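Accompanying notes for the structure given below.
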There are 2 protein chains.
Amino acid sequence: MTTTAQPSQPGGKTLNPVLAGARPMRGDAARNRARVLDAAHAAFAEDGAEVQMEQIARRAGVGVGTLYRNFPTKQALIAELAQRWADERIEIADQALAMPDPAEAFGWFVRRTAQDMAGDAGLCHLFSGLGGAACEMPDLLIERTEVLLERARRAGAIRPDLNVSDFQAILGGLSAAIAQTDKWELFAEMLITGLRAPAPPCP
Amino acid sequence: MTTTAQPSQPGGKTLNPVLAGARPMRGDAARNRARVLDAAHAAFAEDGAEVQMEQIARRAGVGVGTLYRNFPTKQALIAELAQRWADERIEIADQALAMPDPAEAFGWFVRRTAQDMAGDAGLCHLFSGLGGAACEMPDLLIERTEVLLERARRAGAIRPDLNVSDFQAILGGLSAAIAQTDKWELFAEMLITGLRAPAPPCP
DNA sequence: TTCGAAGTGGAAGTCGAATTCCGCTTCCGC
DNA sequence: GCGGAAGCGGAATTCGACTTCCACTTCGAA
């Protein structure tokens with residue numbers, strides 16, 4: 001590795017992939033990297049975070065060596081997967097923010113997130129069993145969520161005493177619940193109801 | 001071990017403690033067993049499920065050997081702790097069942113459970129990181145919960161489409177959320193609201 | 001087609017945690 | 001107060017991941 005050294009920096013990030021810095025990856029290598037990522041995704045979904053690196057490698061049809069060439073650490077692999085999920089989530093948040101009605105947008109976001117969690121047991125496991133992992137929510141996502149929340153709050157659509165970090169914790173809980181039963185629609189509905197500002201008394 | 005053999009049965013349970021089968025434990029041994037249990041409890045609360053057996057032993061002021069004499073396996077130790085929690089929960093459920101108003105009883109149970117979770121980070125971790133562990137909910141607890149739910153359901157206090165296993169999953173989610181922030185009151189309130197049967201339209 | 005850099009597989013090494021073992025110590029019934 | 005069964009501590013072992021290493025391919029630019 002004579003290229004731009006990427007020795008285990010404290011932060012640990014795997015720097016970009018396919019065309020890092022200057023010299024691009026060899027075609028086959030890029031392909032392998034992708035297969036590994038997919039395999040890891042599937043493996044986590046099936047067996048939770050305790051899958052072994054070797055299983056992932058086998059699943060991807062490569063040797064562990066190859067796996068480690070792309071991701072210096074199991075953590076790094078997980079982080080990459082988490083990053084992808086986060087990016088996707090940011091996109092979803094943006095779509096929600098594009099909706100005119102704040103309350104509707106918020107509900108849609110929650111529902112959609114629940115649905116995505118149900119469809120991706122792997123990440124679901126990672127998120128609920130979080131705390132540990134390198135699964136720091138990227139600031140960008142937090143920020144978007146904050147906006148989404150604030151809009152809903154202003155519109156009086158959700159309880160005023162709900163801040164982002166609480167909401168984040170709640171999403172963690174949601175993923176844990178969904179990891180146990182896939183009743184995401186029920187859970188989403190409950191959540192939305194529970195987060196709603198207490199209804200004014202009937203006239 | 002010439003006594004009633006308790007070789008690793010498939011199920012794995014550590015059979016009773018202090019006065020198992022016939023010959024009772026020696027006084028000091030019983031005392032040590034208790035200390036280990038307490039230490040483990042505290043340790044899990046502080047550091048989550050990844051505490052090492054040796055740390056627990058040190059904390060209890062005994063050697064690992066002693067620890068293993070009482071609990072053949074880390075799993076067994078965890079299971080014992082879980083069992084205690086479950087027993088406590090059963091008691092709480094019974095108290096709730098003794099309350100005249102079903103809706104109130106249900107709310108009280110949820111609130112109380114959330115509070116207990118917040119006060120016992122260890123079990124909280126275990127429950128949220130569940131799935132894995134030997135933390136099978138004992139049938140007795142499930143049964144009590146079922147009754148509690150059914151009563152509330154009949155009284156029209158909760159949504160009719162909520163069964164025990166969903167509720168169990170929800171409690172799992174709750175513990176995960178509480179493990180992240182200790183806003184148990186907020187979460188309990190939300191949950192209770194969310195589980196309530198949709199209010200009839202205002203007259 | 002050739003050649004060297006890039007990439008590969010998987011055996012071997014490492015390392016941290018669980019679990020075992022056993023000589024020594026402490027109870028406790030007589 | 002004795003004897004020996006029960007219990008104890010903690011060093012040593014086992015075990016199961018993760019990671020490293022390197023001889024051997026494969027790619028792709030000239």
Side-chain angles (χ1 to χ4, degrees), chain A residues 1-8 12 14 17-36 39-40 43-44 47-79 132-134, chain B residues 1-8 12 14 17-36 39-40 43-44 47-79 132-134:
Chain A
M1 192 171 293
T2 20
T3 67
T4 12
Q6 68 175 99
S8 50
T14 316
V18 188
L19 29 91
R23 51 224 85 186
M25 256 178 149
R26 230 165 68 176
D28 57 338
R31 222 168 303 128
N32 273 339
R33 185 189 161 88
R35 295 170 73 189
V36 165
F44 281 128
D47 310 319
E50 30 351 305
V51 257
Q52 287 151 233
M53 293 300 259
E54 202 182 324
Q55 288 181 51
I56 295 177
R58 187 163 25 246
R59 191 161 191 148
V62 305
V64 273
T66 301
L67 196 160
Y68 275 94
R69 156 168 297 271
N70 286 289
F71 307 94
T73 278
K74 190 179 187 180
Q75 266 314 305
L77 177 56
I78 292 180
Chain B
M1 191 171 293
T2 22
T3 68
T4 13
Q6 67 176 101
S8 50
T14 316
V18 189
L19 27 91
R23 50 227 84 186
M25 258 179 148
R26 231 166 67 176
D28 57 338
R31 221 168 303 128
N32 274 339
R33 185 189 162 87
R35 294 171 73 190
V36 166
F44 282 127
D47 311 318
E50 39 337 315
V51 256
Q52 288 151 235
M53 292 302 258
E54 202 182 322
Q55 289 181 50
I56 295 178
R58 184 160 30 244
R59 191 161 192 148
V62 304
V64 274
T66 300
L67 197 161
Y68 275 95
R69 158 170 298 272
N70 286 289
F71 305 94
T73 278
K74 190 178 187 181
Q75 265 315 303
L77 177 55
I78 292 180

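Within every chain, numbering begins at 1; the chains are lettered A, B, ... in the order of the sequence lines, protein sequences first and strands thereafter. Predicted model only: the values in this text are computed from it and were never measured.
In this structure, A/Arg58 places its CZ atom 18 Å from P of C/dT8, rounding to the nearest Å. Atom CG of A/Asn70 and atom P of C/dG9 are 11 Å apart (whole Å). Summarising the geometry, the separation between CZ on A/Arg69 and P on C/dG10 is reported as 16 Å, rounded to the nearest angstrom. C/dC28 atom P lies 12 Å from atom CE of B/Met25, rounded to whole Å. Distance, A/Arg33 CZ to C/dA6 P: 17 Å, rounded to whole Å.
Between B/Asn32 and D/dG7, a side-chain N or O to OP1/OP2 separation shorter than 4.0 Å is absent. Not one side-chain nitrogen or oxygen of B/Thr66 sits closer than 4.0 Å to the OP1 or OP2 atom of D/dG7.
To the nearest 0.5 Å, the span separating CE on B/Met53 from OG1 on B/Thr73 amounts to 7.5 Å. In this structure, CG in A/Asn32 is found 8.5 Å from CE in A/Met25, a value given to the nearest 0.5 Å. Expressed to the nearest 0.5 Å, how far NZ of A/Lys74 lies from OH of A/Tyr68 amounts to 8.0 Å.
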When the side chains of residues 55-66 of chain A are checked against the rest of the protein, which donor-acceptor pairs come out under 3.5 Å, sequence neighbours left out?
residue, atom, partner, partner atom, Å
A/Gln55, NE2, A/Gln52, OE1, 3.4
A/Arg59, NH2, A/Glu46, OE2, 3.0

For nucleotides 25-27 of chain C, which of its nitrogen or oxygen atoms have a protein nitrogen or oxygen under 3.5 Å away, and what is each distance?
residue, atom, partner, partner atom, Å
C/dT26, O2, B/Arg26, NH1, 3.2
C/dT26, O2, B/Arg26, NH2, 3.3

What N/O pairs connect the protein and nucleotides 16-19 of chain D at under 3.5 Å? Give each pair on its own line.
residue, atom, partner, partner atom, Å
D/dA17, OP2, A/Gln52, OE1, 3.4
D/dC18, OP1, A/Lys74, NZ, 2.5
D/dC18, OP2, A/Met53, N, 3.0
D/dT19, OP2, A/Tyr68, OH, 3.0
D/dT19, OP2, A/Lys74, N, 3.1

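Residues passing the salt bridge (Lys or Arg N to Asp or Glu O under 4.0 Å) test with A/Asp28 are A/Arg26, sequence neighbours excluded.
Considering only heavy atoms from C-beta on, B/Val36 stays 4.5 Å or farther from B/Arg69 through its side chain.
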